[in-house]
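Below is one structure, written out as structure tokens, with a few remarks after it.
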Amino acid sequence: MQYWLMKSEPDEVSIDDVLAAPAHTVAWFGVRNYQARNFMRDAMRPGDGVLFYHSSCPQPGIAGLAEVVGTPYPDATQFDPHSKYHDPKATPEQPRWISIDVRATKKTRLLPLAELRAIPALEDMVLLQKGSRLSITPVTKGQWNTIVKLLDKDA
DNA sequence: GCCAACGTTGGC
DNA sequence: GCCAACGTTGGC
């Protein structure tokens, strides 16, 4: 069992959107970074915990909890010429990019980035490192527990 | 809109 | 394989 933080722009897919989806589950599409892709392909397993993070928005921060469901499969948007995620070098025979399904388990209060930065136990979080901008980053069990405990306390 | 930081591309 | 130029991310 591992833990992850996954960034989504709420204008595109928010925690509310995922909770409104059938089975509270959506395909995580649009990852176009090899390191993040490799996490999905090689490391993520069903049941892994996910911190659902809202990025590129007025209030960036953790907005909910989720879990990985199922196994990776080709990201359909890479083949769609009308999608902004279209990749002309990808073919169904040789896909480059993958999706994995993510199920939202709960919406939490918005835990802002600035608040995360102020918590000493989280100073090593990949998200918080200088220059870090990966859309999928690993989270340690300790970091996960710290955050979940904090959010439970406020619930 | 700015800009720091990182990733990708492509000529050589 | 190097590296300059360009593109993207994402907070502020």
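In what follows, every heavy atom counts, from backbone to side chain, and hydrogens, waters and symmetry copies are set aside. Reminder, nothing fancy here: chain letters follow the sequence lines and each chain counts from 1.
- Distance A:Tyr34 OH to B:dT9 P: 6 Å, rounded to the nearest Å.
- The side chain to side chain donor-acceptor pair (under 3.5 Å) pairs that include a residue from residues 126-137 of chain A number zero, where partners must be two or more places apart or lie in different chains.
- Between A:Tyr53 and C:dT9, a side-chain N or O to OP1/OP2 separation shorter than 4.0 Å is absent.
- Screening residues 17-28 of chain A for side chain to side chain donor-acceptor pair (under 3.5 Å), with sequence neighbours left out, gives A:Ser14-A:Asp17.
- A:Leu134 places its CG atom 9 Å from the P atom of C:dG10, with the value rounded to the nearest Å.
- Within the structure, side chain to side chain donor-acceptor pair (under 3.5 Å) contacts touching residues 62-82 of chain A (residues at least two apart or in different chains) are A:Arg32-A:Asp75, A:Arg32-A:Thr77, A:Glu67-A:Arg103, A:Tyr73-A:Asp101, A:Asp75-A:Thr77.
- For residues 96-115 of chain A, the ring pair (Phe, Tyr, Trp, His ring centres under 6.0 Å) pairs, not counting sequence neighbours, are A:Tyr34-A:Trp97.
- The NZ atom of A:Lys130 sits 16 Å away from the P atom of C:dG10 (whole-angstrom rounding).
- Residue pairs satisfying the side chain to side chain donor-acceptor pair (under 3.5 Å) criterion with at least one member in residues 42-64 of chain A, sequence neighbours excluded, are listed as follows: A:Trp4-A:Asp48.
- Looking at residues two or more places apart in sequence or on another chain, you find a side chain to side chain contact (heavy atoms under 4.5 Å, CB included) between A:Glu115 and A:Arg109, A:Leu111, A:Pro112, A:Leu150.
- Atom OG1 in A:Thr140 sits 8.0 Å away from atom CG in A:Asp124 (nearest 0.5 Å).
- Here the P atom of nucleotide C:dG10 and the NE2 atom of A:His54 are 14 Å apart, to the nearest Å.
- Taken over five-pair windows at either terminus, the axes of the helix from B:dG1-C:dC12 to B:dC12-C:dG1 are inclined to one another by 10° (rounded to 10 degrees).
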- Could you write nucleotides 1-8 of chain C as a row of B, S and -, 5' to 3', where a protein heavy atom under 4.0 Å of any base atom gives B, of only sugar-phosphate atoms gives S, and otherwise -? ------BB
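- Pairs of residues two or more places apart, or lying in two chains, that qualify as ring pair (Phe, Tyr, Trp, His ring centres under 6.0 Å) and include a residue from residues 134-155 of chain A are A:Tyr3-A:Trp144.
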